[in-house]
Colleague: 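Provided herewith is a single structure, encoded as structure tokens, for subsequent inquiry.
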Protein chains: 2
Amino acid sequence: MEQPGHLPTLAFLAKSLADENRLRILLSLGNGKKSVSAIVQELQLSQPLVSHHLKELRRSLLVRVERQGPFIYYEMSDPRIVEILKALDNLATGLLAARTTF
Amino acid sequence: MEQPGHLPTLAFLAKSLADENRLRILLSLGNGKKSVSAIVQELQLSQPLVSHHLKELRRSLLVRVERQGPFIYYEMSDPRIVEILKALDNLATGLLAARTTF
DNA sequence: TCAATATATCAATGTTTATTTATATATTTA
DNA sequence: TAAATATATAAATAAACATTGATATATTGA
């Protein structure tokens with residue numbers, strides 16, 4: 001069986017996905033590019049908080065950035081991200097189901 | 001496009017995967033069940049640290065537990081876990097490659 | 001029952017992280 | 001150039017988290 005590679009990188013990526021608000025932002029960006037203020041409005045989060053989370057998402061390369069005048073647009077950088085989140089979701093569901101059947 | 005479900009659960013699972021030593025322990029347990037002391041020896045980590053991480057892995061249902069006399073054996077609870085970690089690994093590799101090609 | 005072995009837990013410590021409030025920076029228009 | 005808009009950043013704060021050294025708990029055999 002082949003093992004996953006660089007563990008620090010894996011841990012770093014997982015950490016980037018380990019906050020609910022950040023996940024909400026990331027998933028919102030899976031629906032196409034959005035400006036910071038649009039995210040702020042849509043998710044009812046504070047602007048500095050959104051900026052902070054976007055900065056983390058930039059660091060982990062999970063988002064792409066594009067400036068247009070005063071607006072900065074962000075979008076999810078890779079469709080595999082949603083697939084992985086779905087797989088995690090299925091895993092969680094499965095683990096919970098298996099636990100309650102004991 | 002269908003969105004992943006319960007975000008707090010997703011964040012919780014991601015957090016459980018967000019530490020390198022914990023990943024090392026989890027992956028080691030993907031090769032069959034092991035006692036705490038075996039993990040301690042194999043990974044050269046302190047016993048309390050291993051116990052602490054195992055406790056977190058138990059909480060997130062990522063491991064199964066079985067006692068035999070003084071020994072407690074742990075193993076990975078679901079093969080999907082490794083698949084997800086591999087997918088994350090591939091994602092990381094891909095994102096890094098895409099960045100360096102800009 | 002006691003001693004030995006295995007492992008969980010406790011307490012302390014330092015580091016990391018999310019959030020808020022305030023301010024700095026960047027872009028555009030009048 | 002100044003004002004308005006968009007957004008990044010700074011600083012403070014509280015909470016969460018990983019690790020270590022010490023101790024408590026569980027199991028077994030003599």
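Predicted, not measured: the structure shown is a model, and the values here were computed from it.
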Colleague: Any side-chain donor paired with an acceptor under 3.5 Å for A/S51 and A/Q47?
Modeller: yes

Colleague: Taking all non-hydrogen atoms of both residues, which atom of B/A11 and which atom of A/L23 are closest, and how far apart?
Modeller: N-CD1, 3.7 Å

Colleague: Please work out if B/Y73 contacts a base, only the sugar-phosphate, or nothing of the nucleic acid, heavy-atom cut-off 4.0 Å.
Modeller: nothing

Colleague: Would you check if the side chain of A/D19 reaches a backbone N or O of A/R22 as a donor-acceptor pair within less than 3.5 Å?
Modeller: yes

Colleague: Check this one for me: any side-chain N or O of B/S46 less than 4.0 Å away from OP1 or OP2 of D/dT19?
Modeller: no

Colleague: Rounded off to whole Å, could you give me the NZ-to-C1' distance for the B/K34 and C/dA6 pair?
Modeller: 18 Å

Colleague: Using side-chain heavy atoms (C-beta onward) and a distance below 4.5 Å, is B/S35 in contact with B/Y74?
Modeller: no

Colleague: Each nucleotide N or O in nucleotides 12-18 of chain D that has a protein N or O under 3.5 Å away: list the pair and distance.
Modeller:
| unit_1 | atom_1 | unit_2 | atom_2 | d |
| --- | --- | --- | --- | --- |
| D/dA18 | OP1 | B/R22 | NH2 | 2.8 |
| D/dA18 | OP2 | B/R22 | NH2 | 3.0 |

Colleague: Could you state the CZ-C1' distance from A/R58 to D/dT7, rounded to the nearest angstrom?
Modeller: 10 Å

Colleague: Protein within reach of the bases, or only the backbone? For nucleotides 22-30 of chain C, mark each nucleotide 5' to 3' as B, S or -, using heavy atoms under 4.0 Å.
Modeller: B---SSS--

Colleague: Evaluate salt bridge (Lys or Arg N to Asp or Glu O under 4.0 Å) for A/E42 paired with A/K34, printing each intermediate quantity in order.
Modeller: CA-CA 10 Å; A/E42 179 189 330; A/K34 293 181 186 177; 2.8 Å; yes

Colleague: Any idea which heavy atoms bring A/L13 and B/A92 closest together, and the distance?
Modeller: CD1-CB, 3.8 Å

Colleague: May I have the distance from A/I25 (atom CD1) to D/dA8 (atom P), rounded to whole angstrom?
Modeller: 11 Å

Colleague: Would you say A/M76 and A/F71 are hydrophobically clustered, going by side-chain heavy atoms of ILVMFWY under 4.5 Å?
Modeller: no

Colleague: Tell me whether the OP1 or OP2 atom of C/dT9 has a side-chain N or O from B/K55 closer than 4.0 Å.
Modeller: yes

Colleague: Among B/V36, B/V40, B/L45, which one satisfies side chain to side chain contact (heavy atoms under 4.5 Å, CB included) with B/I25?
Modeller: B/L45

Colleague: Starting at atom CD of A/E20, determine the distance to atom C1' of C/dT19, rounded to an integer number of angstrom.
Modeller: 14 Å

Colleague: Between B/I39 (CD1) and C/dT7 (C1'), how many Å, whole number?
Modeller: 11 Å

Colleague: A/R24 has an atom CZ; how far is it from atom P of C/dA18, in whole Å?
Modeller: 15 Å

Colleague: Take A/E83 and A/R80 through the test salt bridge (Lys or Arg N to Asp or Glu O under 4.0 Å) and record every step on the way to the result.
Modeller: CA-CA 5 Å; A/E83 296 314 309; A/R80 280 181 289 187; over 6 Å; no

Colleague: Using a heavy-atom cut-off of 4.0 Å across all strands, would you classify A/S37 as base, sugar-phosphate, or nothing?
Modeller: sugar-phosphate

Colleague: Roughly how many Å is it from CD1 in A/I72 to P in D/dT5, rounded to a whole number?
Modeller: 17 Å

Colleague: Let me know the distance between OH of A/Y74 and C1' of D/dA8, rounded to the nearest Å.
Modeller: 8 Å

